[in-house]
Visitor: 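The structure follows.
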Amino acid sequence: MSENDLIQNVQQTQKEFELALDVAKDAEAIEALRIQYLGRKGCVADLFKSLSTIPSENRKAAGQALNQLKTNLQTALDKKFDNVKNINTSVNEFDVTMPGNWPDFGRLHPLTKVTREIKQIFSNMGFGVADGPEVESEYYNFEALNIPQGHPARDMQDTLFIDEGFVLRTHTSPVQIRTMESKQPPLRIISPGRCYRRDTPDASHSPMFHQVEGLCVDQGITFADLKGVIQNFAQQLFGSDVKIRFRPSFFPFVEPGAEYDFTCLICRGQGCRVCKGTGWVEISGAGMVNPKVFEHVGYDPEKYTGFAFGMGIERIAMLLYGINDIRLFFENDIRFLQQF
Ligand code: PHE
């Protein structure tokens, strides 16, 4: 064999090897190729044998080509073997204890949950649920509630006015009027819903917030009934050791009127940041329905008495869940919402 023939053979072997390696898909096939090409009786060994038939002064180029071929094959086999091994190991070492990919579940918003609980408690006490519009006429939001024109409660600072004569309701109290217009006593309703005030958002203010209105009208209803209902509610929601207190206050649609507080559940009355060290958290206002309101809806104030109360739903949710910033309810950060 001439040196050139041998070099051609070397090139041919390299090509055949590459094709064969390409289709070798597992470690066994690669090992078979290694034996076929680099084994003691393999093609490369044969080529080395034919090298010895070439006169030694003509062997240099063929010898180099042959050595190169051997190295090439060796490297290519090693590389392919590593690839196959990696694929196999990743399959073999699959960790069955790894957590799976969980789909995200929807949840009830904390305000929805609290509102449902509030409805349930009052429904157990015989209260129905009433509803009213969020865009409300000035008549229902103010006038009929004995808040005449020029009253400070109508101040531009607080109220978001829409068109002439219409506002975004600043409280749920207009539902009192709408209910009394359409029903005769005795009646017992609550009305949860959104309210709006021109407040700059901070930890305890939001221009949109939620209230529950409560109204009970019948013959012989007294302030003691109001206190009993509020006390019962507070204890059902927060547990039997929660205390309530009423402080005299003024709302044009009740007389006498009060603001009422619950013991702070975050510090259990010891005094903390949420209750500003007082041990009490203000919930809202309440009182006996003002006879002037009864006159607006055509009830006989000589015959009937009633109580009404408001309730800030965010405040209750903050107490219940230990949340110290009202804005968290409306940012809808999934990390916050997932906790409920
Ligand atoms: N509507 C009052 C407010 O938003 C609360 C209230 C309701 C007071 C019912 C008395 C009776 O501040």
Side-chain angles (χ1 to χ4, degrees), residues 1-113 201-203 206 273 317-318 321-340:
M1 188 187 283
S2 77
E3 186 176 31
N4 278 348
D5 286 347
L6 185 57
I7 293 179
Q8 256 181 22
N9 267 349
V10 167
Q11 287 165 349
Q12 184 63 30
T13 308
Q14 167 95 36
K15 273 189 207 138
E16 282 169 13
F17 168 80
E18 278 166 10
L19 291 175
L21 187 66
D22 211 35
V23 293
K25 292 293 177 227
D26 54 27
E28 273 170 42
I30 294 166
E31 190 51 27
L33 275 185
R34 187 189 301 280
I35 292 166
Q36 186 188 338
Y37 282 85
L38 297 174
R40 262 193 314 127
K41 294 178 186 155
C43 316
V44 175
D46 286 347
L47 289 172
F48 271 108
K49 268 183 211 148
S50 24
L51 185 65
S52 60
T53 65
I54 299 171
S56 55
E57 61 274 22
N58 295 337
R59 271 182 212 164
K60 197 168 177 215
Q64 278 173 354
L66 208 41
N67 278 327
Q68 187 61 51
L69 174 70
K70 197 178 164 188
T71 324
N72 287 351
L73 266 50
Q74 192 79 56
T75 323
L77 284 164
D78 288 350
K79 198 168 149 203
K80 181 87 181 211
F81 185 75
D82 279 350
N83 279 348
V84 172
K85 199 176 73 182
N86 281 344
I87 295 168
N88 286 344
T89 15
S90 55
V91 172
N92 290 340
E93 291 179 6
F94 177 74
D95 182 355
V96 290
T97 65
M98 286 273 282
N101 294 328
W102 282 81
D104 284 332
F105 288 106
R107 277 162 214 251
L108 291 179
H109 192 279
L111 291 178
T112 308
K113 285 184 77 172
D202 64 23
S206 162
R273 215 166 65 98
M318 287 164 90
Y321 297 123
I323 296 164
N324 59 12
D325 194 323
I326 195 173
R327 291 167 291 193
L328 287 165
F329 290 120
F330 309 115
E331 283 164 358
N332 286 333
D333 185 326
I334 221 91
R335 293 166 301 177
F336 171 75
L337 297 175
Q338 272 173 343
Q339 297 174 48
F340 301 95

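Position 1 is the first residue of the sequence, and the numbers go up from there.
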Visitor: Could you report the tightest heavy-atom contact between Ala62 and Leu51, atom names first, then the distance?
Guide: CB-CD1, 3.8 Å
Visitor: Under a 3.5 Å cutoff, is there a donor and acceptor pairing between the side chains of Gln8 and Gln12?
Guide: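 Note: Gln8 and Gln12 side chains miss the donor-acceptor criterion.
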Visitor: Any salt bridge linking Asp333 with Arg327? Criterion: basic side-chain nitrogen under 4.0 Å from a carboxylate oxygen.
Guide: no
Visitor: With rounding to the nearest 0.5 Å, note down the distance linking CD1 in Ile30 to NZ in Lys80.
Guide: 6.0 Å
Visitor: Take atom CG in Asn101; do more than 12 heavy atoms of anything else shown fall under 6.0 Å from it?
Guide: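 Count not over threshold, so no.
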Visitor: Over all heavy atoms of both residues, which pair between Glu18 and Gln14 is shortest? Give the atoms and the distance, please.
Guide: OE2-NE2, 2.7 Å
Visitor: Between CD of Glu31 and CG of Asp26, what distance do you get to the nearest 0.5 Å?
Guide: 11.5 Å
Visitor: Taking all non-hydrogen atoms of both residues, which atom of Lys70 and which atom of Phe48 are closest, and how far apart?
Guide: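 Closest heavy-atom pair between Lys70 and Phe48: CD-CE1, 4.1 Å.
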Visitor: Do the rings of Phe329 and His109 sit parallel, tilted or perpendicular, given the 30° and 60° boundaries?
Guide: tilted
Visitor: Mind listing the closest non-hydrogen atom pair of Val84 and Ala27 along with its distance?
Guide: CG1-N, 3.8 Å
Visitor: So, taking the atom named CG in Asn9 and the one named OG in Ser50, what distance separates them when rounded to the nearest 0.5 Å?
Guide: 7.0 Å
Visitor: Which atom pair, heavy atoms only, marks the closest approach of Ala65 to Val10?
Guide: O-CG1, 3.7 Å
Visitor: Could you report the tightest heavy-atom contact between Phe336 and Phe340, atom names first, then the distance?
Guide: O-CE1, 3.2 Å
Visitor: Evaluate whether atom CZ of Phe330 has more than 12 neighbouring non-hydrogen atoms of other residues, nucleotides or ligands under 6.0 angstrom away.
Guide: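 Yes.
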Visitor: Rounded to the nearest 0.5 Å, how far does CZ of Phe17 lie from CZ of Arg34?
Guide: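 Result: 8.5 Å between the selected atoms.
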Visitor: Rounded to the nearest 0.5 Å, what separates atom CG in Leu73 from atom OG1 in Thr13?
Guide: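 Those atoms lie 8.5 Å apart.
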Visitor: Please name the residue in the list Leu66, Ile54, Leu6, Thr53 that meets the side-chain contact (heavy atoms from CB on, under 4.5 Å) test with Arg59.
Guide: Ile54
Visitor: Does Lys25 have more than 12 heavy atoms from other residues, nucleotides or ligands lying within 6.0 Å of its NZ?
Guide: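 Above 12, so yes.
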Visitor: Nearest 0.5 angstrom please: Asn67 CG to Asn72 CG, how far?
Guide: 11.0 Å
Visitor: Would Leu337 and Arg107 count as a side-chain contact (heavy atoms from CB on, under 4.5 Å) if you check the C-alpha gap in whole Å, the side-chain angles of each, and the deciding distance to 0.1 Å?
Guide: CA-CA 8 Å; Leu337 297 175; Arg107 277 162 214 251; over 6 Å; no
Visitor: Within a reach of under 6.0 Å around CD of Gln338, are more than 12 heavy atoms found that belong to other residues, nucleotides or ligands?
Guide: yes
